[in-house]
Amino acid sequence: MTQRVIVVGAGIGGLSAAAELALAGYQVTVLEAHTYPGGCAGTFYYQGYRFDAGATLAGGFAPGMPLDILARRFGIDWQARQEAAAMQVHLTPGDSIVRWNKPDAWQEERLRQFGPQAEPFWEWQSRTAELLWDLAKLYPAWPPQSLADLAYNVSVGWHWLLLLTRSRRISRLPGLLRDALTNVCRRLPPSHSERLRRFVDAQLLISAQATSQRANALFAAAALDLSRTGVGHTPGGIGSIAWSLAEAINRLGGVVHYRQEVVRVRRTARDRWRVETRRGLVLEAEQVVFNLPPPNVVALLAEDAPSSLYRARIPKDGWGAFVLYLGVDASIVPSGPTLHHQLLLEGPVTAGNAFFLSFSPSWDESRAPAGRRALTISTHTSLDFWWQLYENDRIAYEQHKQAEINRILAAAERFLPGLRDATDLILSGTPVTFQRFTRRCRGWVGGYPQTHLLRTWSPRLGPGLWLVGDSIFPGQSIPAAVLGGLRVATYILQTMIRRSAGASFTSLTVDSDAYRRPSVITGVKP
């Protein structure tokens, strides 16, 4: 009998899981509340412009990286154009650092910027990230929830150790164990300059949601690994990645429904799950995959929520985003090797003091009217601040929103003189806006700050219930969401085989090429 799977939410993680399950022969249905897929990695249309809603930088196109894996596995042509540089970081208006995509170019840049005394740090970061990518692509059960998970991780770890031994990298293992228990600032050279720390903090804030004093060393090494992943642009904006995945799901026999907001998930008498949408669609399935933050899942399950979800809360250090979507004259776009820029103001690298700017490419005429470009500017912000204003004083909410718009435009004009005069369209988004359009509870974005290895949520919520997205390992970013989605699909396939064969989870073996061929782990189709 064909297994039925319902995926709630068409974000990158949910779509990746859905595509893998459809390829394995499952009957897959994706239910998306919005009119387009992608969630925070979607692209919306407004008055001739296509704006990336949340994420604006897509990495993972390099050979062997997650988007390349998806392309080969599902026959997708992203039509991506990789950039010479991932981004340019402006520490002050006249002091900038280019994050080149090619490792050799990036090494030359950092030697020029930070000197040879910082090279041990960057060499550690590169070596560690390489090992972690290899491990993540073997799909460890992380965080472990049971003795079976621990046994499975032993199997995964054994294969990973074999890979390290064959490639003569086993000597790095003791360092990894030490890094697992400390933050990344301990890896900075003792005589590091404040300029180096400021640069690292800025990069970690947007990639790990925490600066060097708090970010776990292992997570930080992977988060700083832009030069390896391959950053590029896809025609139509970052949302075209989700559209391509949705098309692959349909091609493989699955279905993606839009404007179908799920409002209720309940267990049936037959040990199945009944999923209801606001528009009256009712479906049943053996497996439900939530591409939502944990608090959203609790609201949908209500009394049927597993006890493991009782502690599902937005963390106190969780972030929201304030975003400006601007239509600008093309003449304002600075020349250079990248369309992504990080701007820092004076003072500590923290919420509201660092901005990320992304321009649409000149070659993508679908993104803006002739002679114009789409520009997105975002900054971290407090969730509670905006919700208290919105719920208690709407006038003050609108006033503070306008004040933040003016503050961000003033900061951006230090880098882009004449920006206001070149702008013909301004849209703004607060955490309230993000909840309205992405359905994410309170507009929480970016997942859990990566401060320790057990911070992320486990993907197995209960019998037949699963979680994907930025709340599970390996965390935020498009490449991470892809790996998380494929990992959950693999778990579901393993669970079905275990039930049909009566085998224990520990009897499964892990193929060292699992990240290329996840169905090899499962061995059979349903």
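- By the side-chain contact (heavy atoms from CB on, under 4.5 Å) test, Ala330 is found to be paired with Arg373, residues two or more places apart in sequence or in another chain being considered.
- For the pair Ala411 and Leu345, the tightest heavy-atom approach, listed with the atom from each and the gap, is CB-CD2, 3.9 Å.
- Looking at Ser458 and Gln145, their side chains do bring a donor and an acceptor atom within 3.5 Å of each other.
- Counting heavy atoms from C-beta on, the side chains of Leu375 and Tyr325 never come closer than 4.5 Å.
- Applying the salt bridge (Lys or Arg N to Asp or Glu O under 4.0 Å) test to residues at least two apart or on different chains, none of the pairs has a partner in residues 26-46.
- With salt bridges taken as basic N to acidic carboxylate O contacts below 4.0 Å, one links Arg73 and Glu20.
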Distance-only criterion, 3.5 Å: show the donor-acceptor pairs between side-chain atoms of residues 59-71 and protein atoms not counting sequence neighbours.
unit_1	atom_1	unit_2	atom_2	d
Asp68	OD2	Gly64	N	2.8
Asp68	OD2	Arg72	NE	3.1
Asp68	OD2	Arg72	NH2	3.4

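- Arg487 places a side-chain heavy atom less than 4.5 Å from the side chain of Pro459.
- Contact check for Val156 versus Tyr139: no side-chain heavy atoms found under the 4.5 Å cut-off.
- Screening residues 205-222 for salt bridge (Lys or Arg N to Asp or Glu O under 4.0 Å), with sequence neighbours left out, gives Arg214-Asp317.
- Rounded to the nearest 0.5 angstrom, Gln125 CD and Glu130 CD are separated by 11.0 Å.
- Put simply, the side chain of Pro431 reaches to within 4.5 Å of the side chain of Trp387, judged on heavy atoms.
- Side chains of Asn216 and Leu453 form a contact here, defined as non-hydrogen atoms less than 4.5 Å apart.
- Rounding to the nearest 0.5 angstrom, the gap separating the CG atom in Asp179 from the CH2 atom in Trp124 is 5.5 Å.
- Nearest heavy-atom pair across Tyr258 and Ala246 is OH-CB, 3.6 Å.
- Residues Arg81 and Asp364 are not paired through a salt bridge, judged by the lack of any N-O separation under 4.0 Å between the basic side chain and the carboxylate.
- No hydrogens or angles considered: nothing links the side chains of Gln476 and Gln450 as a donor-acceptor pair under 3.5 Å.
- Arg4 and Ala285 get closest at one heavy-atom pair: O-CB, 3.4 Å.
- The side-chain heavy atoms of Phe473 and Pro140, taken from C-beta on, include a pair separated by under 4.5 Å.
- Under a 3.5 Å cut-off, the side chain of Arg455 and the backbone N or O of Pro449 do form a donor-acceptor pair.
- Residues Thr338 and Glu83 bring a donor and an acceptor atom of their side chains to less than 3.5 Å of each other.
- Between Val288 and Phe290, the closest side-chain pair of non-hydrogen atoms falls below 4.5 Å.
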Q: Begin with the C-alpha distance, continue with both residues' side-chain angles, and end with the deciding distance and a verdict on side-chain contact (heavy atoms from CB on, under 4.5 Å) for Leu204 and Ser212.
A: CA-CA 7 Å; Leu204 290 176; Ser212 60; 4.2 Å; yes

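- Applying the salt bridge (charged side-chain N to carboxylate O under 4.0 Å, His left out) rule to Arg251 yields no partners; only residues at least two apart in sequence or on another chain are considered.
- Only one option out of Thr376, Thr56, Asp52 pairs with Ser358 in a side-chain hydrogen bond (donor to acceptor under 3.5 Å, both in side chains); it is Thr56.
- Arg50 approaches Gly236 most closely through the heavy-atom pair CD-O, 4.0 Å.
- Between Trp444 and Phe434, the ring centre distance reaches or exceeds 6.0 Å.
- Remark: Arg460 fails to qualify as a cation-pi partner of Trp466 under the 6.0 Å distance and 45° angle criteria applied to the six-membered ring.
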**Q.** Working for side-chain contact (heavy atoms from CB on, under 4.5 Å), residues Trp122 and Gln107
**A.** CA-CA 8 Å; Trp122 293 112; Gln107 183 180 32; over 6 Å; no

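- Between Asn353 atom CG and Thr379 atom OG1 the span is 8.0 Å, to the nearest 0.5 Å.
- Scanning for side chain to side chain donor-acceptor pair (under 3.5 Å) contacts around His34 gives an empty result, with sequence neighbours left out.
- Between the side chains of Gln287 and Tyr26, no donor-acceptor pair is found at a separation under 3.5 Å.
- Atom-to-atom distance recorded for Trp142:CH2 and Leu135:CG is 9.5 Å, nearest 0.5 angstrom.
- Among residues at least two apart or in separate chains, side-chain hydrogen bond (donor to acceptor under 3.5 Å, both in side chains) pairs with a member in residues 234-244 are Thr234-Ser240.
- Applying the salt bridge (charged side-chain N to carboxylate O under 4.0 Å, His left out) criterion to Asp201, with sequence neighbours excluded, gives no partner residue.
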Q: Show your reasoning for whether side-chain contact (heavy atoms from CB on, under 4.5 Å) applies to Phe322 and Ser428.
A: CA-CA 7 Å; Phe322 192 98; Ser428 63; 4.1 Å; yes

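- Remark: Cys441 SG to Leu292 CG distance equals 10.5 Å, nearest 0.5 Å.
- Scanning both residues, Ile238 and Gly42, for their nearest heavy atoms gives CG2-O, 4.0 Å.
- Relative to the ring axis of Trp457, Arg311 places its NZ or CZ within 45° and under 6.0 Å from the centre.
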Q: Take Trp386 and Thr381 through the test side chain to side chain donor-acceptor pair (under 3.5 Å) and record every step on the way to the result.
A: CA-CA 9 Å; Trp386 290 102; Thr381 194; 2.9 Å; yes

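- His341 pairs by the side chain to side chain donor-acceptor pair (under 3.5 Å) definition with His90, not counting sequence neighbours.
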Q: Take Val289 and Ile492, measure what side-chain contact (heavy atoms from CB on, under 4.5 Å) needs, and give me the verdict at the end.
A: CA-CA 10 Å; Val289 179; Ile492 292 174; 3.7 Å; yes

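- Here Leu57 pairs with Met87, Leu226, Val231, His340, Phe356 under the side-chain contact (heavy atoms from CB on, under 4.5 Å) rule; sequence neighbours left out.
- Residue pairs that meet the salt bridge (Lys or Arg N to Asp or Glu O under 4.0 Å) test with at least one member in residues 425-437, sequence neighbours left out, do not exist here.
- In this structure, Ile249 CD1 and Leu15 CG are separated by 4.5 Å, a value rounded to the nearest 0.5 Å.
- With a 4.5 Å cut-off on side-chain heavy atoms, Arg198 and Val349 count as touching.
- With sequence neighbours left out, the side-chain contact (heavy atoms from CB on, under 4.5 Å) criterion links Glu365 to no other residue.
- For the 3.5 Å distance criterion, the side chains of Arg367 and Tyr49 fail to qualify, holding no donor opposite an acceptor.
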